[in-house]
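Report on the structure given below.
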There are 2 protein chains.
Amino acid sequence: MAVPFSPLPSANKPQGVRVTPASPLFLREDEIRRGIELLYFGYTAMIRGADAILEQQGLGRAHHRALYFIARRPGLSVGQLLGLLGITKQSLGRVLTDLSARGLVEQAVGHADRRQRLLSLTPDGAALEARLFTELERSMARAYGEAGQQAVTGFWAVLMGLVPPEARAEVEALQG
Amino acid sequence: MAVPFSPLPSANKPQGVRVTPASPLFLREDEIRRGIELLYFGYTAMIRGADAILEQQGLGRAHHRALYFIARRPGLSVGQLLGLLGITKQSLGRVLTDLSARGLVEQAVGHADRRQRLLSLTPDGAALEARLFTELERSMARAYGEAGQQAVTGFWAVLMGLVPPEARAEVEALQG
DNA sequence: AGAATGGGACAGCCATGTTGACATATCTGC
DNA sequence: GCAGATATGTCAACATGGCTGTCCCATTCT
């Protein structure tokens, strides 16, 4: 995947973003609220980038989430995807029906367990997911680059801390 | 506001969370995807905590967001809230009508400009917002505590980097 | 006075979440 | 091999919370 900086920003020094560092009393209400707000605005800013592409395809964010995870773990089962998204069978069913009807997602019968339907992207689906990913990547790479390598580690650590401990293994597994 | 740790965790050492640090090639696709996924799971984990309280009140997440920002900036105008939420007048109108009808939000005529409606929470509204905030705080404080002070600074820096530069001033202003 | 602005309200549409019930195919344990 | 559990799909119905378009009123600005 293309690295959208050439040359790479020097890895350890924050570039454009200056944030006031967390104080030693970083559990005060103000600093908690700062985190809540930045998480809200940062999250919405990141996903908003893909909306134009989705709209032009007549798809929504729910379709994007499904495409994303199928791209990330090709061959995952419907049940696994359900677990990742945390929605109901019906909600996901509509989305998968749409994506199959448009020829973006394929289903294969499970090898070990023939009840399972293993999901993967068709070439068209993969192409669309790549376009969508490029949008997310643009935001995220800029933020990483501006903040610096060390900040990225902290970013990951706090976010992983937000995930309930029971659910962390699943997130890690996705990234193995 | 109660700090839910006593004593405070030592401020500089990550406690419970171990994340593999970002590599010097931290703009590779894998590390971008890791950020996207952690942002998604972290964000949803944080807000999910308040859902039970909202449901028991017959309110939704849209109501929560409005309550949150009115609590954060009492006396803000409808237009300012509209700008923060990034939704349309109609969508916000429904929410504000609900909240006013339940006696959670009050509107006062603007002092400088009498066309404006300045929003604030009633005592009941403030009490509900405090309960909701406590839920978010619980997640966030745990994550901060596990990750450590330095990680929190990095967390902020990356998130601020995700916000488009034109919008950063508004986020900062909220937190001034 | 006339235009622009802040806010409210109508009707209606769409995406995406929910519950509950039920059907089918397949697997697992006894 | 049969009984029960599991994976998936599907139907109907409903709620939330976005959206558009239009119109209106009060107020402010020029």
Side-chain angles (χ1 to χ4, degrees), chain A residues 40 43-44 47-48 50-70 75-102 105-120, chain B residues 40 43-44 47-48 50-70 75-102 105-120:
Chain A
Y40 170 69
Y43 177 74
T44 62
I47 63 177
R48 189 155 295 166
D51 284 351
I53 298 173
L54 288 168
E55 188 179 2
Q56 128 194 4
Q57 302 285 323
L59 299 175
R61 290 177 178 177
H63 300 92
H64 186 185
R65 288 193 288 274
L67 285 174
Y68 181 93
F69 286 117
I70 297 171
L76 91 174
S77 71
V78 171
Q80 288 173 323
L81 181 53
L82 228 33
L84 287 172
L85 294 173
I87 60 177
T88 59
K89 221 178 8 164
Q90 323 309 320
S91 298
L92 179 58
R94 262 188 311 229
V95 168
L96 286 182
T97 301
D98 285 355
L99 294 175
S100 292
R102 287 162 189 265
V105 164
E106 284 177 334
Q107 310 201 352
V109 172
H111 31 279
D113 183 337
R114 294 170 44 83
R115 290 171 304 180
Q116 294 181 333
R117 296 294 172 264
L118 308 185
L119 302 165
S120 58
Chain B
Y40 170 71
Y43 177 74
T44 62
I47 63 176
R48 190 154 294 167
D51 284 351
I53 297 173
L54 289 169
E55 189 179 1
Q56 126 194 7
Q57 302 284 323
L59 300 174
R61 290 177 179 177
H63 299 91
H64 187 185
R65 287 194 287 274
L67 285 174
Y68 181 93
F69 286 117
I70 297 171
L76 90 174
S77 71
V78 171
Q80 288 173 323
L81 182 53
L82 227 33
L84 286 172
L85 294 173
I87 60 177
T88 59
K89 218 176 17 161
Q90 324 310 320
S91 298
L92 179 58
R94 265 188 310 227
V95 168
L96 286 182
T97 302
D98 286 355
L99 293 175
S100 292
R102 287 162 190 264
V105 163
E106 282 176 334
Q107 310 201 351
V109 171
H111 30 278
D113 184 336
R114 294 169 44 82
R115 289 171 303 181
Q116 294 182 333
R117 296 294 173 265
L118 307 185
L119 303 165
S120 58

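These numbers come from the heavy atoms of this one structure, side chains and all, not from hydrogens, waters or symmetry mates. Chain letters run A, B, ... following the sequence lines, proteins first, then strands; residues in each count from 1. This one's a predicted model, so the numbers in the text were calculated from it and none came from an experiment.
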- Query: At under 4.0 Å between heavy atoms, what does Gly60(A) touch on the DNA or RNA strands: base, sugar-phosphate, or nothing?
  - Reply: sugar-phosphate
- Message: Test your reading of the model: is there a side-chain donor-acceptor pair from Gln80(A) to the backbone of Ser77(A), 3.5 Å cut-off?
- Response: yes
- Item | Distance below 4.0 Å between His63(B) side-chain N/O and dG17(D) OP1 or OP2 | yes
- Record whether the side chain of Gln90(A) comes under 3.5 Å of the base of dT10(D) through a donor-acceptor pair of N or O atoms. yes
- Task: Indicate, with a heavy-atom threshold strictly under 4.0 Å, whether Gly79(B) touches base, sugar-phosphate, or nothing.
- Result: sugar-phosphate
- Does the side chain of Thr88(B) get closer than 4.0 angstrom to OP1 or OP2 of dC19(D) through an N or O atom? yes
- Taking the nucleotide of DNA chain C with the closest heavy atom to each, which residue, Lys89(A) or Gly86(A), is nearer the 5' end? Gly86(A)
- Side chain of Arg117(A) - closest among dG7(C), dG17(D), dT8(D): dT8(D)
- What do the steps show when you test Ser91(B) against Thr88(B) for side chain to side chain donor-acceptor pair (under 3.5 Å), and what is the final call? CA-CA 5 Å; Ser91(B) 298; Thr88(B) 59; 3.2 Å; yes
- Message: As a test of reading the structure: which of dG8(C), dT26(C), dG17(C) is closest to the side chain of Asp113(A), going by heavy atoms?
- Response: dT26(C)
- Query: Mapping Arg65(A) and Arg115(A) onto DNA chain C by nearest heavy atom, which one lands closer to the 5' end?
  - Reply: Arg65(A)
- Message: I want to verify a distance call: between dG12(C), dT28(D), dA7(D), whose nearest atom is closest to the Arg94(B) side chain?
- Response: dG12(C)
